[in-house]
Amino acid sequence: MIKTNDCGALRSKDIGQRVRLAGWVRFYRDHGGVRFYDLADSFGSTQVVYDPEAYQSNVNVVGIGQLLNNIGREYVIAVKGVVRERVPGTEDDRNPTGTVEVLIDEIEILNSSKVIPFEIAEQKNSTLPSEDLRLKYRYLDLRRTEMAYNLRFRHKVLASARRYLDSIGFIEVETPTLTRSSQEGARDFLVPSRTMPGTFYALPQSPQLYKQMLMVGGVEKYFQLARCYRDEDSRSDRQPEFTQLDLEMSFVDVEDIFRTIESLYSHIWKDVLGKELRTPFPRITLEDALNKYGTDAPDIRFGLELVDVTDIVKCSSYDIFQKVLGKKGSAVICVNLKSTLVKEKTLDANVGRSEVDRLIDWAKQQGMGGLTWMRMTDEGLSSNIVKYFGKEVLESLERRTDATKGDLLLFLAGPRHLVQKAGGHLRMKLARENGLLEGMDHQFVWLVDCPLFQADPVTGKVASFHHPFVRPVEGDFDENGELLSFKGCSYDLVLNGSEIGSGSMRNHHAEVQRKMFRALGMSEERMREEFDFFLEALEFGAPPHGGIGMGMDRFCSILLGCESIRDVIAFPKNKKFQSLVDSSPKKVDQAKLDELQLMSLVDEDEQD
RNA sequence: GCCCUGGUAGUGUAGCGGCCUAUCAUGAAGCCCUGUCGAGGCUUCGACUCGGGUCCAAAUCCCGACCAGGGCGCCA
């Protein structure tokens, strides 16, 4: 090793030792005579000193000084020297190595560095450069303390998961990344085949069918840190390629899977955060989640629950509500922003109007017609529109929403699913703006009791709620019955309002699986074409099985409080799915296309 | 496909019709400095994304492109 210690390692107990350190020159301070260098690696930084008056006669003082004259920030150097105590009063208590320093008596410049395009070192008032610059020079971005920490954190989470799953008998099995395309699900990334021109592999959206076939193969307890690929537009928590902790078990029921997962996260909690995690996780039905939180991924750490007041306000003469409620499937929901939750108290109905106006603008941006409000006062509910509401209606509202003095009631009206969705966003917005999430512990919740099918809102066609492999709650279903009424044995794992996992018990009877496909409107021909191999696998004694896939990028970014999952991925892609560090995707030589017998339809002039 | 926000020295920003030959910080280059730690001091360098338009006058207003981010749709 070029170094005897890491740059974050030395302490007072090491004083007198002769050490060799290597790292990057992060800062240096030249006082004309004595010079200080902060030598950093991802473990920390140590002050190394050039102090001409302190050297013994056998040290090449001039030579070291000349080498040091040539180094700049982020030069890679190795130094040898003796660890010594700092001059009393000059210790740096912000740095764990701050009581000591190394007096350089030998130095080697291992590499130079160009002038860096942005600040790597944490500095007061320094803000991050634009995302694309960070991504272009990702290797420099990764040198930053925060990113280095994130990568290590992620490693610890994954290592902990691996250790635990191994300890309870799971085995890690890799499945192919060159797979078959299927019409279901997200858009595929396609890979042309050279040996069979005109045919394509797809990159896996998840190892779903492979892991089920592993169960048929008797693996019984499988897991994998599986890279998944979906060619759908990105979000701050969505990348075209992402990592799932994928897991499947045989001879189990839902409770076994829940226990396994809860136990898994308990171990991760202990290993990585050093804390106990409360289990079992609470469960909430999809219906409750939508009604109370307006989303299938509820953040249940705070109240501000949505209250359905459709039946009450029906009896008002408020024109806007009447118009909305005239349409089928409409609803009026209310969020009570309790005065006790608000940081700056505005108990007077006339105060805080600009605040309400801001919320109204926001609601319009969300696609709502607007937002109606009332403030609870000593004289009851008050606002510009209470005159349209009878006394009894107002009193019912007070009771239903539990309104007490100073509370602000916010109403959204429109089609139920839109109102719920907007209400869910409103709830999160109010929580964020009033600091309700600050200092909160993390909270898992299982989302359960989901339907097997759902109707496409546009075409009305029946589609899977999760995917076609979900086992019906009863194990079977009547394909001539009311499809939308059946429940599936599926569940989502939600953490702090983000879906971080989704799984189910699977159909292990081929006949039920066939029925499932038929119910989804799949022809016998296509079933054969796309799933014959899989259906046949189920026919060779498939055991009952189920599992889950959990997004590790999201999980780590939530624990670390990152704005985006890009901050826990070493080389993420930008919003357009470009990798800025290596400029992919790129055009390829015509010869490569010829070999694959492919032709581009893109006009050459339109490409760069 | 759509909506929103932004684009000013290498980096982060201020300016938002004339006070702009564009602010401040950081950086880079050079000099000074023997206990700093985002060292300090002095000097120098370096920018209005592009194309139209309005106007006596545009970094600033308008239109359009391009780039980036957030969101909707999409994500079985």
Side-chain angles (χ1 to χ4, degrees), chain A residues 26-40 45-54 72-74 84-95 97-98 101 103 114-137 140 182-188 205-206 208-209 228-240 242 361-362 364-367 418 421-422 425 452-454 456-458 461-470 488 490 499 502 504 516-517 520 522 530 551 563-564 566 574-576 578 580 608:
Chain A
R26 196 105 324 148
F27 289 116
Y28 52 90
R29 298 167 288 282
D30 181 349
H31 285 250
V34 63
R35 306 180 206 174
F36 304 98
Y37 299 84
D38 292 333
L39 194 60
S45 80
T46 301
Q47 174 165 286
V48 299
V49 193
Y50 173 69
D51 187 356
E53 293 183 357
R73 301 207 305 178
E74 298 303 319
R84 67 178 190 183
E85 189 178 17
R86 290 209 187 171
V87 172
T90 66
E91 300 87 354
D92 182 4
D93 52 16
R94 290 167 302 180
N95 189 339
T97 66
E101 62 192 13
L103 180 64
K114 287 178 34 170
V115 173
I116 49 179
F118 57 86
E119 293 299 317
I120 289 173
E122 205 87 5
Q123 293 201 40
K124 208 193 277 178
N125 299 330
S126 73
T127 41
L128 284 175
S130 67
E131 188 97 22
D132 51 337
L133 196 72
R134 287 176 61 201
L135 292 179
K136 181 176 177 191
Y137 297 101
L140 296 179
S182 124
Q183 299 191 36
E184 282 68 35
R187 203 176 287 117
D188 284 323
Q205 296 179 20
S206 81
Q208 185 65 34
L209 295 181
C228 305
Y229 305 85
R230 294 179 192 173
D231 191 3
E232 298 292 349
D233 288 347
S234 81
R235 293 287 186 274
S236 56
D237 63 352
R238 260 161 45 185
Q239 281 270 305
F242 59 98
D361 284 343
W362 173 86
K364 285 179 180 165
Q365 276 187 357
Q366 294 291 307
L418 291 183
K421 183 163 188 167
H425 286 151
L452 199 52
F453 300 102
Q454 68 186 142
D456 185 302
V458 182
K461 234 185 112 196
V462 170
S464 309
F465 186 79
H466 275 105
H467 59 56
F469 312 105
V470 174
S490 64
E499 183 203 305
S502 183
S504 70
M516 198 74 189
F517 286 141
L520 293 169
M522 197 183 287
E530 295 215 353
E563 302 262 316
S564 153
R566 291 189 295 268
N574 70 4
K575 203 174 158 80
K576 275 190 185 162
Q578 295 164 302
L580 296 179
D608 50 347

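Order of the sequence lines sets the chain letters (A, B, ...), proteins ahead of strands, with each chain counted from 1.
Among the protein residues, A:Lys421 comes within range of the sugar-phosphate backbone only, with heavy atoms under 4.0 Å from sugar or phosphate atoms but none that close to a base.
Contact annotation: A:Gln454 does not reach the phosphate of B:A76 (side-chain N/O to OP1 or OP2, under 4.0 Å). In this structure, A:Ser130 does not reach the B:G69 phosphate: none of its side-chain N or O atoms is under 4.0 Å from OP1 or OP2. Checking the phosphate oxygens (OP1, OP2) of B:A76, no side-chain nitrogen or oxygen of A:Lys461 falls inside 4.0 Å. One finds no side-chain N or O of A:Arg35 lying less than 4.0 angstrom from the OP1 or OP2 phosphate oxygen of B:G35. Listed pair A:Arg26 / B:G38 fails the phosphate criterion, with no side-chain N or O lying under 4.0 Å from OP1 or OP2. Checking the phosphate oxygens (OP1, OP2) of B:C67, a side-chain nitrogen or oxygen of A:Lys576 falls inside 4.0 Å. Contact annotation: A:Arg235 side-chain N/O to B:C72 OP1/OP2 distance is under 4.0 Å. Of the side-chain N and O atoms in A:Arg29, one or more sit less than 4.0 angstrom from OP1 or OP2 of B:A39.
Here, B:C42 and B:A59 have their P atoms 32 Å apart, quoted to the whole Å. Here, B:C16 and B:U11 have their P atoms 24 Å apart, quoted to the whole Å. Taking atom C1' on both B:A28 and B:G53, the two are 39 Å apart, rounded to the nearest angstrom. Spacing of P atoms, B:U60 relative to B:U54, comes out at 15 Å, to the nearest Å.
A:Thr97 places a side-chain N or O within donor-acceptor distance of the main-chain N or O of A:Ser45, the cut-off being under 3.5 Å. A donor-acceptor contact shorter than 3.5 Å is absent between the side chain of A:Gln366 and the backbone of A:His425. Within the 3.5 Å criterion, the main-chain N or O of A:Pro129 finds no donor-acceptor partner in the side chain of A:Arg134.
Distance, A:Phe465 CZ to B:A76 P: 11 Å, rounded to whole Å. As rounded to whole Å, 16 Å separates atom P of B:G70 from atom CD of A:Gln366. Per the geometry, CH2 belonging to A:Trp362 stands 15 Å off C1' belonging to B:G70, to the nearest Å. Rounded to whole Å, the distance from CG on A:Leu103 to C1' on B:G35 is 13 Å. Going from atom CD of A:Gln205 over to atom P of B:C74 covers 16 Å, rounded to whole Å.
Judged as a ring-ring contact (aromatic ring centres under 6.0 Å, His included), and not counting sequence neighbours, the contacts of A:Tyr28 are A:Tyr37. Residues forming a ring-ring contact (aromatic ring centres under 6.0 Å, His included) with A:Phe36 (at least two apart in sequence, or on another chain): A:His31. Considering only residues two or more places apart in sequence or on other chains, A:Arg73 meets the side chain to side chain donor-acceptor pair (under 3.5 Å) condition with A:Glu119.
For A:Gln578, taking side-chain heavy atoms from C-beta onward, the closest of the listed nucleotides B:G73, B:U36, B:A68 is B:A68. Listed candidates were B:G73, B:G10, B:G69. Nearest to the side chain of A:Pro117 is B:G10. The side chain of A:Pro129 has B:G12 as its nearest neighbour among B:G35, B:G12, B:A76. Closest to the A:Leu133 side chain, of the nucleotides B:U11, B:C75, B:G71, is B:U11.
Where A:Glu232 and A:Asp38 each meet RNA chain B at their nearest nucleotide, the meeting point lying more 5' is that of A:Asp38. Positionally, the nearest nucleotide of RNA chain B for A:Gly33 lies more toward the 5' end than for the other of A:Gly33 and A:Glu91.
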TODO: Going 5' to 3' through nucleotides 26-31 of chain B, assign each nucleotide B (protein heavy atom under 4.0 Å from a base atom), S (under 4.0 Å only from sugar-phosphate atoms) or - (no protein heavy atom that close).
DONE: SSS---
- [ ] Determine, for nucleotides 1-8 of chain B in 5'-to-3' order, which nucleotides have protein heavy atoms under 4.0 Å from the base (write B), from only the sugar-phosphate (write S), or from neither (write -).
- [x] B-------
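Aromatic stacking is not marked for A:His31 over B:G35, as the cut-offs of 5.5 Å for the centres and 30° for the planes do not both hold. We find that the ring of A:Phe118 and the base of B:U11 do not stack by the test of centres under 5.5 angstrom and planes tilted less than 30°.
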Task: Dot-bracket line, read 5' to 3' along RNA chain B, where crossing pairs take [ ] and | marks a partner on another strand, Watson-Crick or G-U under 3.5 Å - done: (((((((..(((.....[.....)))((((((.......))))))...(((((..]....))))))))))))....
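A salt bridge is defined here as a Lys NZ or Arg NE, NH1 or NH2 lying under 4.0 Å from an Asp or Glu carboxylate O, and A:Glu232 with A:Arg238 fails to meet this definition.
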